[in-house]
Amino acid sequence: MCTGACSKFIAVPLYVMAAVSIFCNIMLFFPGFETKYSSEDMDGTITMEVKYMAGLIGGGIMVLIPAIHIHLTSAKNCCANRCGMFLSIGFAAVGVVGAMYSLSVAALGLANGPTCLFNAGNALIPDEQWGTPFANSNGSYLSNKELWKSCIEPENVVEFNVGLFSTLLVAACVELTFCAIQMVNGLFGCICGTCGKE
């Protein structure tokens, strides 16, 4: 396979994964598909890892811009030359950094769990407060669905966060893989050319 054709093969999934990352990060701002938690966030009702916007910035913009240049390296009469392939190495490196940022924040979001209204007291003396009840569990809450019921509000917030942060994690892994492959592909394209007939 030519390095230019390989670039096109790499760019298209990067577009999709960037869109998925952006979508997941935006959805995480609306736990339980409700807007009231975002509007009253001064009380700390949104999970802290969501505010890092790793899906929007890291897995989204920092991957989307390299994907555009990588796609252009496969187009004729544009960037399909040794210089374009050399630049794609740098752009792919930016994509790797963005994907790693998204990956690390998504893993942290899964490990700490969501911010929710939970009972910090006991059955006799209820003490409902907003916080992160699973922050010290090292992610062990993920395998114990009984603990998920400790989050009173937003409804089903644990499932919501686990689903979206897991999707962000997978998308970041795919982005990281494709950007790393493009760095190698760009190196071969820079040294050997893009297989163009001219």
Side-chain angles (χ1 to χ4, degrees), residues 13-64 67 94-180:
L14 286 178
Y15 288 135
V16 175
M17 291 297 109
V20 166
S21 294
I22 291 169
F23 176 76
C24 286
N25 201 144
I26 291 171
M27 289 307 299
L28 280 164
F29 276 104
F30 306 105
F33 300 105
E34 295 190 32
T35 58
K36 69 179 183 178
Y37 303 108
S38 294
S39 62
E40 59 189 38
D41 185 46
M42 289 183 219
D43 301 333
T45 56
I46 299 290
T47 304
M48 186 56 82
E49 290 80 14
V50 175
K51 295 176 191 175
Y52 297 156
M53 295 196 298
L56 183 67
I57 296 169
I61 296 169
M62 287 181 74
V63 171
L64 188 60
V94 170
V96 165
V97 170
M100 286 177 60
Y101 175 57
S102 183
L103 179 83
S104 58
V105 172
L108 192 62
L110 279 173
N112 290 339
T115 297
C116 63
L117 183 66
F118 69 102
N119 186 4
N122 55 35
L124 299 173
I125 306 168
D127 179 23
E128 292 182 353
Q129 64 184 21
W130 283 94
T132 311
F134 311 118
N136 298 322
S137 71
N138 295 327
S140 63
Y141 77 96
L142 292 168
S143 60
N144 188 354
K145 288 193 174 185
E146 287 299 314
L147 287 175
W148 296 9
K149 294 176 185 172
S150 63
C151 281
I152 301 165
E153 189 182 339
E155 191 174 337
N156 299 323
V157 70
V158 179
E159 293 92 336
F160 187 81
N161 271 29
V162 167
L164 290 172
F165 274 126
S166 296
T167 305
L168 268 175
L169 193 71
V170 170
C173 287
V174 171
E175 290 170 341
L176 185 64
T177 302
F178 278 114
C179 285

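- Here the options are Val157, Asn161, Val158, the test is side chain to side chain contact (heavy atoms under 4.5 Å, CB included), and the partner is Cys116; only Val157 passes.
- Ser166 places no side-chain N or O within donor-acceptor distance of the main-chain N or O of Gly163, the cut-off being under 3.5 Å.
- Val63 places none of its side-chain heavy atoms less than 4.5 Å from the side chain of Met17.
- Annotation: Glu155, atom CD; neighbour count of heavy atoms from other residues, nucleotides and ligands within 6.0 Å does not exceed 12.
- Formation of a donor-acceptor pair under 3.5 Å by the Ser21 side chain with backbone atoms of Leu168 is not found in this model.
- Remark: Leu28 CG to Asn25 CG distance equals 6.0 Å, nearest 0.5 Å.
- Of all the heavy atoms in Thr47 and Pro114, the pair that sits closest is OG1-CA, 3.5 Å.
- Counting only distance, with no hydrogens or angles, the side chain of Trp148 and the backbone of Tyr141 share a donor-acceptor pair below 3.5 Å.
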(message) Thr167 vs Val20, test: side-chain contact (heavy atoms from CB on, under 4.5 Å). Steps then yes/no.
(response) CA-CA 8 Å; Thr167 305; Val20 166; 3.7 Å; yes
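- Residue Asn119 holds its CG atom at 15.5 Å from NZ of Lys149, rounded to the nearest 0.5 Å.
- Within 6.0 Å of atom CG in Asn144, more than 12 heavy atoms from other residues, nucleotides or ligands are found, so the atom counts as buried in its surroundings.
- Counting non-hydrogen atoms of neighbouring residues, nucleotides and ligands closer than 6.0 angstrom, the CZ atom of Phe29 exceeds 12 such neighbours.
- Using cut-offs of 30° and 60° on the angle between ring planes, the pair Phe160 and Phe33 is perpendicular.
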Can you give each donor-acceptor pair under 3.5 Å made by side-chain atoms of residues 53-61, sequence neighbours left out, with the distance rounded to 0.1 Å?
none

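- Of all heavy-atom pairs spanning Val50 and Phe165, the tightest one is CG2-CZ, 3.9 Å.
- For the side-chain hydrogen bond (donor to acceptor under 3.5 Å, both in side chains) test, residues two or more places apart in sequence or in another chain that qualify with Glu153 are Tyr37.
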N/O donor-acceptor pairs under 3.5 Å from side chains in residues 96-112, not counting sequence neighbours:
residue : atom : partner : partner atom : Å
Tyr101  : OH   : Tyr52   : O            : 2.7
Ser104  : OG   : Met100  : O            : 3.0
Ser104  : OG   : Tyr101  : O            : 3.0
Asn112  : ND2  : Glu49   : OE2          : 2.8

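- Using a 4.5 Å cut-off on side-chain heavy atoms (C-beta onward), Phe118 and Glu128 make no contact.
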